[in-house]
Chemist: 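My questions all concern the structure below.
Remember, predicted model here, so these are calculated numbers, not experimental data.
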2 protein chains.
Amino acid sequence: MYEPPPATLAAPESLPVPTMGSGEPLLQRLASEFGSLRKSERKVAVMVAENPEFFMHSTMAAVAEAAGVSEPTVMRFCTSLGFDGFQSFKINLAQTLALGIPATHSAINDDDSIPELTTKIFDHTLTSLDRARRNLDTRQIESAVAMLVTASNIIFIGFGASGIVAQDAAQKFPLFGVPCLAPIDAHQQFMAASSSTPGTVLVVISNTGRTKPLIEMARQAKRNGASVIAIAGGDAPLLSETDVNIVVKTFDDTDFYTPTVSRLAVLVVIDILATSVATGRGPEHLGRVRAMKHDLTSFRNGD
Amino acid sequence: MYEPPPATLAAPESLPVPTMGSGEPLLQRLASEFGSLRKSERKVAVMVAENPEFFMHSTMAAVAEAAGVSEPTVMRFCTSLGFDGFQSFKINLAQTLALGIPATHSAINDDDSIPELTTKIFDHTLTSLDRARRNLDTRQIESAVAMLVTASNIIFIGFGASGIVAQDAAQKFPLFGVPCLAPIDAHQQFMAASSSTPGTVLVVISNTGRTKPLIEMARQAKRNGASVIAIAGGDAPLLSETDVNIVVKTFDDTDFYTPTVSRLAVLVVIDILATSVATGRGPEHLGRVRAMKHDLTSFRNGD
DNA sequence: ATTTATCGGTAGTATTACTACACAAGTGAT
DNA sequence: ATCACTTGTGTAGTAATACTACCGATAAAT
């Protein structure tokens, strides 16, 4: 007769998530795993969600009292989420709180005061940048840098907010060390892509990665033998047309009030690329950059 | 005979800094107050500076052992810096570490690997944005918003990186609800400032606040009765020529490797301004913005 | 309705942070 | 140079806190 597999299989591992923070923000996880919590543990969960600051500075006894449960329940709550204990949880909570209350917990309302709005937007920005950092694949960056240091010229293209980012990138041409172009209108962009050569690197910036004209330009550049780097917010049609893909994950701008934070994250990525390329080009190149910066200061002040 | 003043005067208040984080980053303070620490406490200080992660996850006994001092010394170290105790210090340390190791502790070297460089730049960016947030005066924002909601048209100007920021700001004109201009070259900028009217609001973006042509443009706009808002990195000549000054403090880009993070902070401030103005204009305006966003998505995908 | 498994609290224990005290080292004055 | 005195550091003890083992209650399943 058939024997069912041993019951121990029912408890493989409580949580694959490591104890310290490389995963999703804590309060996010709290919401998603709320269903798998016990009734009394949920009381603790809502307490920490409503008043994380208090939790952070309190002892177990105080938390237990405030949530209306016993101390071991608080303890179980912490271990249920995969932490070593109360202290470990508190430390982790402090970490996420440093970036501000995550966006999902603080949507922007019409009647928010300016100070409220200020903190909310900063919180959202910092949390999103943190997310981008955690999800960034440095190998992609490495490939991109390798491509850029051997480039004879670089073209940055993008529409809307990404177009501004492209402008910013092109302005860093002293760091890249080769001529940089960032045409603004669609026709000029296509012309640039179309007249690219095998030495050209085309950097396509698109948050959605679905903008059709950009995909077309990427194809055109590749036909000319150019290398194409895509910087996008996630999996998208564009990424299958390119040589290197840098995925910059932020929090989706579901609420239309919340400003597009993705462009900030992309700007940071550009910073990383530019700096990496500059250091990769050796000391004499850096000397030229330094001299340029110095001269610019004089020019700016009108000396 | 002369009696010296009572000795109690020698200990007025240990530290004016509040226990929780509104001041400078912790590791920064550690460096600046290192001199006023006792010999054994300094051992603890260097330990936490070298290996903050370890400190964060350890007990007092472990830290004492690692630093080669006794537990009370660790305790005194915490209180000397103005914290309630060991726990309080640990929580605060975790907070600062969440943003990454601050810039001053991790200057960029020529031989840094790409992953190293990535974390360093992200850390620097996040820390700087956090600093900008803490030092931002919301009353200045409020004044600026009050000015912008009554504007009939808005002009954004800036040079270099700030010029890009101006472009980005102008692109948010749907949120501002009035025509926005962001001329690129100096002559066009001056012409725009010169042809401004009392309904015009001129937003001058300059990190240094010393760029002479910009100051001249601000003067010109004021002569025409326009209102002028300055967004700058600190006290500077420009600020005495304007109606409202928004100071965005980041970390000075002393090292020329470190990319200019100030522009990112200013972008966030622009986000705040745009969102505030949009909500301030009432629901029917927001409805139009929402419709516009929806239509843009269709256009983008070429449907 | 009874058994069984899951859940929550009470009581106890081992750590851990914190404090009071005493010794040592450095400093200034007689 | 020696002595009083301040300052700094460690030892020993205490109160608290986090964590654990156990048992009663409650809900679920048969």
Chemist: If I take atom CG in residue A/L37 and atom P in nucleotide C/dG8, what distance separates them, rounded to the nearest angstrom?
Modeler: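 Taking atom P of C/dG8 as the reference, CG of A/L37 is at 10 Å.
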Chemist: Between B/G68 and B/Q87, which residue's closest nucleotide on DNA chain D lies nearer the 5′ terminus?
Modeler: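 Whichever sits nearer the 5' end wins; that is B/G68.
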Chemist: Does the side chain of A/R133 come within less than 4.5 Å of B/L126's, by heavy atoms?
Modeler: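 Answer yes - side chains close enough.
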Chemist: C/dT16 C1' sits how many Å from B/H57 NE2, rounded?
Modeler: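 Rounded to the whole Å, the gap is 17 Å.
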Chemist: Between C/dT16, C/dC18, D/dC19, which nucleotide has the shortest distance from any of its atoms to the side chain of B/T59?
Modeler: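 Given the options C/dT16, C/dC18, D/dC19, the side chain of B/T59 is closest to C/dT16.
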Chemist: From the set D/dG8, C/dA17, C/dG9, return the single nucleotide nearest to any side-chain atom of A/V69.
Modeler: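 My answer, after comparing the listed nucleotides, is C/dG9.
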Chemist: Select one nucleotide: of C/dG9, D/dT9, C/dA17, the one nearest the side-chain heavy atoms of A/R76.
Modeler: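 The answer is C/dG9.
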Chemist: Would you name the heavy atoms of B/D235 and B/R210 that are closest together and state the gap between them?
Modeler: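 Between these two residues, the closest heavy atoms are O-NH2, 4.1 Å.
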Chemist: Rounded to the Å, how far apart are B/D84 CG and C/dA17 C1'?
Modeler: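 In whole Å, C/dA17 C1' lies 13 Å from B/D84 CG.
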Chemist: What is the distance from CZ of A/R42 to C1' of C/dC7, rounded to the nearest Å?
Modeler: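 For the pair A/R42 CZ and C/dC7 C1', the rounded distance is 13 Å.
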Chemist: Please determine whether a side-chain nitrogen or oxygen atom of B/S40 lies at a distance below 4.0 Å from atom OP1 or OP2 of D/dT9.
Modeler: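 The answer is yes; a side-chain N or O of B/S40 sits under 4.0 Å from OP1 or OP2.
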Chemist: Would you call B/F86 and B/E71 a side-chain contact if the rule is heavy atoms closer than 4.5 Å?
Modeler: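 In short, these two side chains do not touch, never coming nearer than 4.5 Å.
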Chemist: How long is the line joining CE of B/M75 and P of C/dC18, in whole Å?
Modeler: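 Going from B/M75 (CE) to C/dC18 (P), I get 4 Å.
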Chemist: Do B/V165 and B/I231 have side chains that get closer than 4.5 Å, going by heavy atoms?
Modeler: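 They are not in side-chain contact.
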Chemist: Just compare C/dC18, C/dG8, D/dC19 and give me whichever is closest to any side-chain atom of B/M60.
Modeler: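 Selected nucleotide (nearest to the side chain): C/dC18.
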Chemist: Taking CZ from B/F89 and C1' from C/dC18, how many angstroms apart are they, rounded to a whole number?
Modeler: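 It works out to 17 Å between those atoms.
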Chemist: How about B/E116: does its CD atom have over 12 heavy atoms from other parts shown lying under 6.0 Å from it?
Modeler: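 Check passes, neighbour count above 12.
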Chemist: Using whole Å, what does the distance between atom P of nucleotide D/dA18 and atom NZ of A/K90 come to?
Modeler: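 Those two atoms, NZ and P, are 6 Å apart.
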Chemist: Taking CD from A/E71 and P from D/dA16, how many angstroms apart are they, rounded to a whole number?
Modeler: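 Whole-Å distance recorded here is 13 Å.
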Chemist: Identify which nucleotide among D/dG10, D/dG8, C/dG8 has an atom closest to any side-chain atom of B/S70, counting heavy atoms from C-beta outward.
Modeler: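 Of all the options, the side chain of B/S70 is nearest to D/dG10.
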Chemist: If you check every side-chain atom of B/T73, which of D/dT9, C/dT10, C/dT16 has the closest atom?
Modeler: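 Closest of the options to the side chain of B/T73: D/dT9.
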